[in-house]
Amino acid sequence: MRELIDKLQENKALSKYEWTVLIEGRSPELAEYLFQQARSVRHKYYGHDVYVRGLIEFTNYCRNDCLYCGIRKSNLKVSRYRLSKEEILSCCETGYSLGFRTFVLQGGEDAGYDDSRLCGIISAIKTGWPDCAITLSVGERSYDSYKALHDAGADRYLLRHETYDAEHYAKLHPPLLKAADRQDCLWNLKKIGYQVGTGFMVGSPYQTAGHLAEDMLFIKDLDPQMVGIGPFISHRDTPFAGQSSGTLELTLFMLGLLRLMIPKVLLPATTALGTIHPKGRELGIQAGANVVMPNLSPTTVRKDYALYDNKICTGDEAAECRNCLERRMESIGYHVVTTRGDSLNI
Ligand code: SF4
């Protein structure tokens with residue numbers, strides 16, 4: 001099995017069969033071998049730096065009904081909120097003083113933020129903090145909408161493809177949503193000139209090693225600047241309530257594989273990873289990740305943006321989150337840096 005990892009290390013492509021064999025045949029020894037290679041590649045390009053992104057969860061309204069998601073429209077128990085432009089700018093002001101140079105505006109697919117409203121927010125952030133990058137994560141939109149947001153100043157866009165396989169995708173989403181449409185969005189974002197991030201849940205219901213193999217092939221083909229993956233964690237008020245979570249072990253293994261497959265990609269150690277294990281984010285960094293995303297949203301709304309159960313850091317002020325992550329990274333020999341942290345995978 002080591003030969004498949006060596007093949008990746010030599011920048012050779014794996015077939016779907018080889019990916020499946022590698023994922024199914026993993027062992028603790030193989031994982032340790034993989035993580036050593038992944039760390040060495042990560043150190044070669046990014047040293048021991050850890051990039052931070054200030055996450056602003058600005059709306060939890062969503063028109064969609066993804067079966068795994070705590071803020072799906074059918075969940076009537078959610079207390080819905082929208083942040084005003086002033087509230088978002090205030091998050092940026094706090095974030096800038098804490099050393100953030102990237103702001104991630106994340107929300108559900110909320111018609112309350114049409115292009116003109118979002119463009120106004122983007123240009124206000126760019127005017128106030130011109131040395132910062134803006135990342136959007138607001139779901140599927142038209143080509144023209146993506147283009148307008150990019151023209152207004154958005155630099156990056158995160159849209160997890162979730163799962164490449166159309167049948168698997170259909171088991172996780174309502175009939176209106178299609179895997180192919182989501183993939184088309186990603187190609188459009190690339191064409192427009194965004195730095196693009198995709199990703200998937202690890203251990204989502206019905207997922208097989210074959211699905212993960214297809215995810216790797218798709219990501220290789222897309223060649224994105226960022227890949228966000230995290231374990232699936234169920235939410236009690238969704239149809240997947242009570243389903244088992246994805247494991248730390250498989251998530252870390254996939255992080256290591258992603259680092260080797262696209263050496264210069266940006267890889268976050270996600271909050272979901274920190275939710276399933278107290279040292280999840282540290283272990284993610286040690287498996288090859290190089291980004292963390294502390295929360296900058298006002299603490300008054302944090303608990304209302306629960307995509308899954310038991311999400312960590314919902315009560316901490318932005319400064320506490322930033323300092324906590326800095327300490328965690330220092331404890332394993334890595335350093336949070338104050339920079340935009342653009343991807344070297346261009
Ligand atoms: S996963 Fe995203 S698009 Fe789907 S319901 Fe949740 S917020 Fe909406």
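Counting starts at 1 for both ligands and their atoms, in listed order.
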#### Entry: Aromatic Phe58 / basic Arg82 pairing, under 6.0 angstrom, 45° off normal
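Geometry flag: not set, cation outside 6.0 Å or 45°.
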### Task
Using the ring of Phe103 (Phe, Tyr or Trp, six-membered ring only), decide whether Arg53 places NZ or CZ under 6.0 Å from its centre and within 45 degrees of its axis.
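No - Arg53 does not lie over the ring of Phe103 by the 6.0 Å and 45° rule.
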### Task
Please check atom 2 (Fe) of ligand 1 for a protein heavy-atom neighbour under 4.0 Å.
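No; the ligand atom in question lacks any protein heavy-atom contact below 4.0 Å.
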### Message
Are more than 12 heavy atoms, taken from residues, nucleotides or ligands other than Glu93, located less than 6.0 Å from that residue's CD atom?
### Response
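Check fails, neighbour count at 12 or below.
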### Query
Has Cys62 got an N, O or S atom lying less than 2.8 Å from atom 8 (Fe) of ligand 1?
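Within the cut-off used here (under 2.8 Å), Cys62 does place an N, O or S atom near atom 8 (Fe) of ligand 1.
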### Query
Is a side-chain donor or acceptor of Tyr157 paired with a backbone partner of Gly139 at a separation under 3.5 angstrom?
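Checking the backbone N and O of Gly139 against the side chain of Tyr157, a donor-acceptor pair under 3.5 Å is found.
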### Task
Check Ile71 against ligand 1 and report side chain, backbone, both or neither, counting heavy atoms closer than 4.0 Å.
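The answer is the side chain of Ile71.
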### Identity and distance of the protein heavy atom lying nearest atom 4 (Fe) of ligand 1
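Of the protein heavy atoms, Cys66 SG, 2.3 Å lies nearest.
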### Message
If you define the side chain from C-beta out and look only at heavy atoms, does anything of Glu214 sit under 4.5 Å from Trp19?
### Response
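The answer is no, as the side chains (C-beta and beyond) never meet within the 4.5 Å cut-off.
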### Message
List ligand 1 atoms under 4.0 Å from Cys69, heavy atoms only on the residue side.
### Response
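Within the 4.0 Å cut-off of Cys69, ligand 1 contributes 1 (S), 5 (S), 6 (Fe), 7 (S).
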